[in-house]
2 protein chains.
Amino acid sequence: MSEIFDAPLLNELQRDNTDPLARPIVVRNAPEQIVERLVTAVALGVYVPGQALPPERELASLLGVSRATVREALRRMTESGFIEQRRGRNGGSFVLENWRPSSADLIRRHLLPNWDRFEALFDARQLLEPVIAATAALRRNEDDVAALSQALEDYHAATDREESRVADERVHRAIAESTHNSVLVGLSAQIRTRISLDLGAEPYTPEIRRVAAEQHGLLADAVIAQDPERASTIALEHFGLTEKLVRDLVARVQELATLETDE
Amino acid sequence: MSEIFDAPLLNELQRDNTDPLARPIVVRNAPEQIVERLVTAVALGVYVPGQALPPERELASLLGVSRATVREALRRMTESGFIEQRRGRNGGSFVLENWRPSSADLIRRHLLPNWDRFEALFDARQLLEPVIAATAALRRNEDDVAALSQALEDYHAATDREESRVADERVHRAIAESTHNSVLVGLSAQIRTRISLDLGAEPYTPEIRRVAAEQHGLLADAVIAQDPERASTIALEHFGLTEKLVRDLVARVQELATLETDE
DNA sequence: TCTTTATGGTCTATGGACCGAACCATATAC
DNA sequence: GTATATGGTTCGGTCCATAGACCATAAAGA
């Protein structure tokens with residue numbers, strides 16, 4: 001499973017800058033890229049567990065690639081336990097319910113080995129997202145307000161965690177899009193995708209969800225009210241909360257690992 | 001020549017977010033990536049005009065790729081008039097002096113067709129670089145101060161435009177590195193590379209260079225003095241100046257184009 | 001119940017990218 | 001004048017992706 005998370009989404013953003021020539025060239029296969037794109041789509045809530053991806057032939061045409069290549073990508077995803085393929089009419093590639101590894105597992109196998117990369121990513125997010133929020137507040141128009149209100153409403157209407165995650169994504173995306181700057185929208189989406197993929201199993205206690213929901217409301221309000229300072233402050237707080245959660249979780253898992261090693 | 005500038009450096013940052021699946025998969029060949037990396041290295045001042053790139057066999061081993069592949073990349077760069085290959089002992093692939101198209105030419109053939117992408121890029125830079133500068137001011141340590149002072153000194157000692165450009169790059173890189181965040185360093189470098197590649201022929205009048213030099217000094221001082229507000233303000237001004245220059249230049253070129261069409 | 005249809009599953013032939021390695025050509029250093 | 005460091009060329013092999021045809025299966029619909 002874990003190899004599916006190794007997609008180099010942000011590699012271009014955090015590559016080593018010592019000698020730009022000394023790194024090997026890696027040709028990203030078509031199947032590899034397709035896996036990455038599909039996993040990203042699921043992480044962003046385009047497809048939710050239980051739902052089928054488009055049929056192979058359609059994917060092939062959408063992606064401008066042969067069906068054999070699509071099949072290779074889907075084969076890897078099946079092997080990783082990410083999807084399940086069913087034959088016959090009404091068959092398809094279905095996103096599995098439990099494709100996320102458990103928090104502890106994921107953190108131990110993926111987060112800890114790359115901890116400084118994630119630290120940099122969180123840090124950057126806390127610096128960049130307030131700017132994006134402030135800019136959104138300055139530039140939002142009536143359409144943005146409508147999109148944002150709708151996303152917020154969906155977020156509050158969400159019942160289970162999957163819905164909540166999808167709606168969360170939509171709120172943040174609506175805010176980023178209010179900046180009307182494609183670079184910022186892409187940057188924010190990339191950071192979010194990365195964190196969402198790696199922390200799909202974020203520790204969403206009811207208490208946390210309550211606080212996050214409140215902050216989303218306040219953040220959206222600030223953007224709608226065209227108050228950049230407030231938007232910026234709330235964004236800083238909001239992403240600080242996420243970071244603290246992850247740090248706590250990692251600390252707990254590390255403690256567990258220590259105990260296990262001692263045995 | 002122009003196709004060499006079409007390297008999708010920031011594609012991942014500013015792709016269309018409408019339907020993530022509807023875009024075709026493009027397999028980035030090895031030669032393509034090698035060209036991109038070599039052009040970037042030149043844009044960042046790792047190699048200056050007149051200097052030779054490493055020999056083919058060495059490049060192949062550095063990049064973990066066969067010599068044939070390296071040769072294909074170099075062939076394209078030769079064809080584009082970017083380098084010149086000379087045989088025999090002391091031969092090699094030499095970066096040409098005049099590999100940059102003239103401003104007007106470059107703008108007409110490359111900048112104008114993609115104008116909204118560049119607008120977004122400039123806009124993002126003006127929003128992000130102040131944050132980077134402020135963060136650098138907060139986090140810089142003694143080593144950073146040393147690196148920054150050295151870069152600044154080189155900048156002032158620069159005599160011709162090529163040296164000036166290389167030193168400029170080093171100053172900004174030193175500032176970004178003072179944030180001690182690899183994501184920010186990478187982000188800043190990517191934006192700078194992109195703009196440097198597209199605007200290699202920036203309108204550097206002596207007056208402009210004087211102002212830019214002054215701003216570099218002030219910016220470095222603010223970072224060294226650990227004054228985030230001042231650093232942020234100066235960065236905003238500095239990148240605003242660049243943007244204004246480019247806008248003026250584009251306006252002039254467009255005017256020229258209009259005149260020519262009228263004839 | 002039978003036929004149709006929408007899906008995944010399998011096979012083959014073809015072209016292209018990249019590799020590895022050897023060898024050729026040339027210009028300079030010694 | 002010979003050795004050497006460089007680019008220039010060629011050949012066979014492997015793997016990847018394409019295109020297209022056909023098979024297998026399960027559900028929908030007549």
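So that the names make sense, note that chain A is the first sequence line, chain B the second, and so on, each numbered from 1.
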Q: Go through DNA chain C in 5' to 3' direction and return only the first and the last nucleotide with some atom under 4.0 Å of chain B's heavy atoms.
A: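 First and last nucleotides in contact are C:dC18 to C:dA29.
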
Q: Rounded at 0.5 Å granularity, tell me how far CZ in A:Phe82 sits from OG in A:Ser93.
A: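 Here the rounded value is 11.0 Å.
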
Q: Rounding to a whole Å, what distance do you find between A:Glu32:CD and D:dC15:P?
A: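 To the nearest whole Å, that distance equals 17 Å.
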
Q: Yes or no on side chain to side chain donor-acceptor pair (under 3.5 Å) for A:Gln150 and A:Asp154, after CA distance, side-chain angles and deciding distance?
A: CA-CA 6 Å; A:Gln150 182 63 53; A:Asp154 292 355; 3.1 Å; yes

Q: Between A:Arg117 and A:Glu119 (salt bridge meaning N to carboxylate O under 4.0 Å), is one present in this structure?
A: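 Salt bridge flag = no for A:Glu119 with A:Arg117.
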
Q: Any donor-acceptor pair under 3.5 Å linking the side chain of B:Thr179 with the backbone of B:Asn181?
A: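 Here the side-chain-to-backbone pair exists.
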
Q: Once you round it to whole Å, what is the distance between P of D:dT6 and CD of B:Glu84?
A: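 Spelled out: CD on B:Glu84 to P on D:dT6 is 17 Å.
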
Q: In whole angstrom, what separates B:Asn29's CG from D:dC16's P?
A: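 Checked: the CG to P distance equals 16 Å.
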
Q: For the pair A:Glu32 (side chain) and A:Arg28 (backbone), establish whether a donor and an acceptor sit closer than 3.5 Å, ignoring hydrogens and angles.
A: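 Side chain of A:Glu32 to backbone of A:Arg28, a donor-acceptor pair under 3.5 Å: no, none is there.
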
Q: Salt-bridge test for B:Arg76 and B:Glu79: reply yes if a basic N is under 4.0 Å from a carboxylate O, no otherwise.
A: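 Result for this pair is no, no salt bridge flagged.
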
Q: N/O contacts under 3.5 Å, protein versus nucleotides 12-14 of chain D?
A:
none

Q: Report yes or no: does B:Ser188 contribute a side-chain atom to a donor-acceptor pair with the main-chain N or O of B:Val185 at less than 3.5 Å?
A: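 Judged by distance alone, no pair lies under 3.5 Å.
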
Q: Map A:Glu72 and B:Gln85 onto DNA chain D by nearest heavy atom, then report which one ends up closer to the 5' terminus.
A: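 By nearest-heavy-atom nucleotide position, the 5'-most residue is B:Gln85.
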
Q: Within the 4.5 Å heavy-atom criterion, are B:Leu53 and B:Val95 side-chain neighbours or not?
A: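 Yes, side chains in contact.
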
Q: What is the distance, to the nearest angstrom, from the CG atom on B:Leu74 to the C1' atom on D:dG7?
A: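 So the CG-C1' distance, B:Leu74 to D:dG7, works out to 10 Å.
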
Q: Check A:Glu177 with A:Arg173, please: is the shortest side-chain N to carboxylate O separation under 4.0 Å?
A: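 Answer for the salt bridge query: yes.
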
Q: Classify A:Arg86 by what it touches in the nucleic acid, base, sugar-phosphate, or nothing, heavy-atom distance under 4.0 Å.
A: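 It contacts sugar-phosphate atoms only.
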
Q: So if I define the base as every atom that isn't primed, P, OP1 or OP2, how would nucleotides 18-30 of chain D read as a B/S/- string at a heavy-atom cutoff under 4.0 Å?
A: B-----SBBBS--

Q: If you draw the axis of the six-membered ring of A:Tyr155, does the NZ or CZ of A:Arg170 fall within 45° of it and under 6.0 Å from the ring centre?
A: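 Relative to the ring axis of A:Tyr155, which defines the angle, A:Arg170 lies outside at least one limit.
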
Q: Look only at the side chain of B:Thr69 and the backbone of B:Val65, and say whether a donor-acceptor pair between them is shorter than 3.5 Å.
A: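 Looks like no, no N/O pair under 3.5 Å.
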
